[in-house]
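Predicted model only: the values in this text are computed from it and were never measured. First the proteins, then the strands, lettered A, B, ... as listed; each starts at 1.
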2 protein chains.
Amino acid sequence: MMTAEPRVPRRPMRSHARRNYEHLLAQARAAFAEQGINASLEDIARAAGVGIGTLYRHFPTRQALLEVLLHDSFNDLETQARNLIKADPPGEALASWLRILAAHAATYRGLAEALMSTLRDERSALYASCQALHAAGDQLLARAQEAGEARADLDSWELFTLANAMAWASEQRPGTADHTDRFLSLLYEGLRPGMSHTISP
Amino acid sequence: MMTAEPRVPRRPMRSHARRNYEHLLAQARAAFAEQGINASLEDIARAAGVGIGTLYRHFPTRQALLEVLLHDSFNDLETQARNLIKADPPGEALASWLRILAAHAATYRGLAEALMSTLRDERSALYASCQALHAAGDQLLARAQEAGEARADLDSWELFTLANAMAWASEQRPGTADHTDRFLSLLYEGLRPGMSHTISP
DNA sequence: ACCTGAACACCGTTCAAGT
DNA sequence: ACCTGAACACCGTTCAAGT
């Protein structure tokens with residue numbers, strides 16, 4: 001008589017687990033988009049049709065869930081940064097990077113804040129990605145400064161913080177169109193009238 | 001025989017209640033300064049030496065507590081706004097106002113966020129004060145715009161939001177000196193090099 | 001009148017039991 | 001191996017009882 005198949009991988013079970021995983025991600029994405037990054041995990045599990053324990057099994061922390069959710073965007077961002085390093089003029093490349101960074105931080109309410117606090121916590125699941133974005137900005141800034149197209153006294157932490165601050169600002173009037181680009185251009189050009197308003201002697 | 005003094009105000013009791021009130025305020029101020037606006041109310045009550053119920057009796061909501069705590073600063077701000085309306089040049093008056101507003105929002109961690117969300121909620125205890133600040137900025141902005149010293153396309157909501165965003169930004173690196181003024185000057189002047197860097201044709 | 005703290009409510013997290 | 005949900009922990013809020 002044969003023993004019960006103890007070593008045969010239970011394929012159906014695995015694929016079922018995979019499905020739970022995908023459902024959880026989809027529901028998390030929807031919930032984060034709607035209610036921000038601190039949406040209830042219990043609600044997400046319920047919407048995905050699994051127990052709360054299953055959510056925790058797949059994603060031991062909220063950050064871990066967020067990390068998976070943002071993984072693709074982070075890859076995109078890194079590719080774009082690499083391209084911008086070669087793009088001209090350097091000042092415009094930097095401006096584009098700021099816009100890309102801020103738009104990303106504005107994806108979910110609360111994300112800008114989370115990215116900033118991640119930068120302070122090496123153990124965070126998002127730390128490496130966040131650090132990489134920060135470093136990319138550093139290079140773009142240095143190049144723009146060498147070309148005389150960005151203030152010489154700026155540093156990359158300020159730049160990263162300001163991009164996130166503009167995303168934060170655009171969260172502050174929900175229900176309206178996204179203001180991130182508008183705030184960025186105010187930041188980039190300053191609040192004083194431009195040179196077109198200035199009458200030269 | 002005289003009846004027991006039913007109508008005599010029980011002064012000692014009242015002054016004791018008054019003391020509790022003052023202790024609560026002092027401890028709340030300390031806790032908010034240290035841990036931000038969402039510090040535990042239970043801890044504040046304990047530090048003040050009263051039961052949690054006493055805290056709730058005096059301050060039915062966290063916002064009510066915050067409102068009393070900020071009452072004097074709000075008065076100061078309104079006075080300063082009135083003076084700035086008469087100050088010259090209008091562009092500098094506006095810049096000063098932004099600095100004052102942002103410095104206030106940077107008093108406690110989380111305050112900038114609270115002020116912004118207050119502006120959306122008419123029922124909030126802070127709503128009137130917040131609205132007044134917003135209105136003061138409106139006047140200062142209009143005057144600076146008429147003098148050609150502020151971008152013509154700015155509106156006062158953007159201005160208020162940006163001042164708070166700079167306070168938010170300066171919360172993002174705790175343990176260092178306050179960066180609010182630095183961020184404000186970057187915002188005001190823009191990230192591009194100033195005219196001193198520009199070579200005219 | 002004022003204060004207290006146990007009780008309640010809510011939500012995030014863990015883990016023993018089940019398949 | 002994977003899932004479940006009751007149990008636990010935590011913290012903010014209320015309210016019956018006490019002075």
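- A donor-acceptor contact shorter than 3.5 Å is absent between the side chain of Gln145(B) and the backbone of Ala150(B).
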(request) Between protein and nucleotides 12-18 of chain C, map the contacts as a letter string: B base, S sugar-phosphate only, - none, heavy atoms under 4.0 Å, written 5' to 3'. (result) BBBB---
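- Atom pair His16(B):NE2 and dC2(C):P shows a separation of 12 Å (rounding to whole Å applied).
- Within the structure, salt bridge (Lys or Arg N to Asp or Glu O under 4.0 Å) contacts touching residues 122-144 of chain A (residues at least two apart or in different chains) are Asp88(A)-Arg143(A), Asp121(A)-Arg123(A).
- With salt bridges taken as basic N to acidic carboxylate O contacts below 4.0 Å, none links Arg182(A) and Asp155(B).
- Although no hydrogens or angles enter the test, the distance criterion places no donor-acceptor pair under 3.5 Å between the side chain of Glu158(A) and the main chain of Phe183(B).
- Scanning all heavy atoms of the two residues, the minimum distance from Ile100(A) to Gln80(A) falls at CD1-OE1, 3.2 Å.
- Where DNA chain D pairs in unbroken runs of 3 or more (Watson-Crick or G-U, both distances under 3.5 Å), the stems are C:4-8 with D:12-16, C:12-16 with D:4-8.
- When the P atom of dC3(D) is taken as reference, atom CZ of Arg18(A) falls 12 Å away, rounded to whole Å.
- In this structure, Leu55(A) atom CG and dC2(D) atom P are separated by 16 Å, rounded to whole Å.
- Residue pairs that meet the ring-ring contact (aromatic ring centres under 6.0 Å, His included) test with at least one member in residues 65-101 of chain A, sequence neighbours left out, are Phe74(A)-His104(A).
- Put simply, His58(B) has a side-chain N or O that comes within less than 4.0 Å of OP1 or OP2 on dC3(C).
- Regarding Arg46(B), its CZ atom lies at a distance of 11 Å from the P atom of dG5(C), rounded to whole Å.
- Close to dC3(C), at under 4.0 Å from its OP1 or OP2, lies a side-chain N or O of Asn20(B).
- Residues passing the side-chain contact (heavy atoms from CB on, under 4.5 Å) test with Ala47(B), sequence neighbours excluded: Gln27(B).
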For residues 52-60 of chain A, which side-chain donor-acceptor pairs fall under 3.5 Å, sequence neighbours excluded?
none

